[in-house]
Each structure stands twice: as C-alpha cells, then as structure tokens.
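Before any comments, here is the structure.
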Amino acid sequence: MSGDFPKNAEEARLERDATREELTETLDALGQKLDVKTRVTENIDGKLDQATLKVADVTNEPTAVKFRQGADAVRSNPLPVFAGVLGLVIVIRLIARRRNS
C-alpha cells in the first residue's frame, strides 16, 4: 500500500482485496498458534512416533505395534488409567504408613 488515496474504484477494489487477503492469512496464522489443543496433540503424536521407533529398534515390530496401540488407548480414555494410578498411590501410602507405625 502506498498510503495515497486510490485514483479510481478499480484500484480501491484491488487494494481492498489485497488487504482482505493479508488479514485472512494473518488471522489463520494466529488461529493456528492459539489452537493449543491441536498443537499439543500433534506434539504428542510426534513423541509417540519417536517412542514407537525406539521400541521397534530395541525389540521387534509386533511389540512396537502393541506399544503404540496401548498408548493410543490411554490417550483416547485416560480416566481409567488416572484412577488406577491414583489407587496405586493410595495403596502404597497406606502400606508405607503401616510399616512406619
């Protein structure tokens, strides 16, 4: 944009369309940066891919596939896993208290 007033209606339309396109691109970029859930999901997927490859390197391919399936199952339904871990922590604390008394 030159900052000068457009000379005719066609120039004004072209300038308006260019500005609109720039704003749309800027808003899309901001939307992607602010979409934390999608960014976290993509990051977790990348980390799981890396972990699966490492498991495949250390063990065999079927074990890596089972690892990935298990990780996907936990991601899709984390509440039972969280409840199980919480229960395990409570049991360990109770056992530790009994031993200390």
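Please read all numbers here as calculations on a predicted model, not as lab measurements.
Residues satisfying the side-chain hydrogen bond (donor to acceptor under 3.5 Å, both in side chains) test with Arg13, not counting sequence neighbours, are Glu10. For Ala71, the side chain to side chain contact (heavy atoms under 4.5 Å, CB included) test picks out Leu48, with sequence neighbours left out. For Val58, there are no side chain to side chain contact (heavy atoms under 4.5 Å, CB included) partners at least two apart in sequence or on another chain. With sequence neighbours left out, Thr63 forms a side-chain hydrogen bond (donor to acceptor under 3.5 Å, both in side chains) with Asn60. Every residue two or more places apart in sequence or in another chain was checked for a side-chain hydrogen bond (donor to acceptor under 3.5 Å, both in side chains) with Arg39, and none qualifies.
Atom CG of Leu53 sits about 10.5 Å away from atom CZ of Phe67, to the nearest 0.5 Å.
For the pair Glu11 and Asn8, the minimum side-chain heavy-atom distance is below 4.5 Å.
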Which donor-acceptor pairs under 3.5 Å do side chains of residues 91-99 form with protein atoms, sequence neighbours excluded?
none

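Evaluation of the side chain to side chain donor-acceptor pair (under 3.5 Å) test over residues 25-35, restricted to residues two or more places apart or in two chains, returns Asp35-Thr38. Evaluation of the salt bridge (Lys or Arg N to Asp or Glu O under 4.0 Å) test over residues 53-64, restricted to residues two or more places apart or in two chains, returns none. Contacts classified as salt bridge (Lys or Arg N to Asp or Glu O under 4.0 Å) and involving residues 69-90 (residues at least two apart or in different chains) are given here: Asp45-Arg75, Arg68-Asp72.
In the hydrophobic clustering (ILVMFWY side chains linked at under 4.5 Å, chained through shared members), Leu27 stands by itself.
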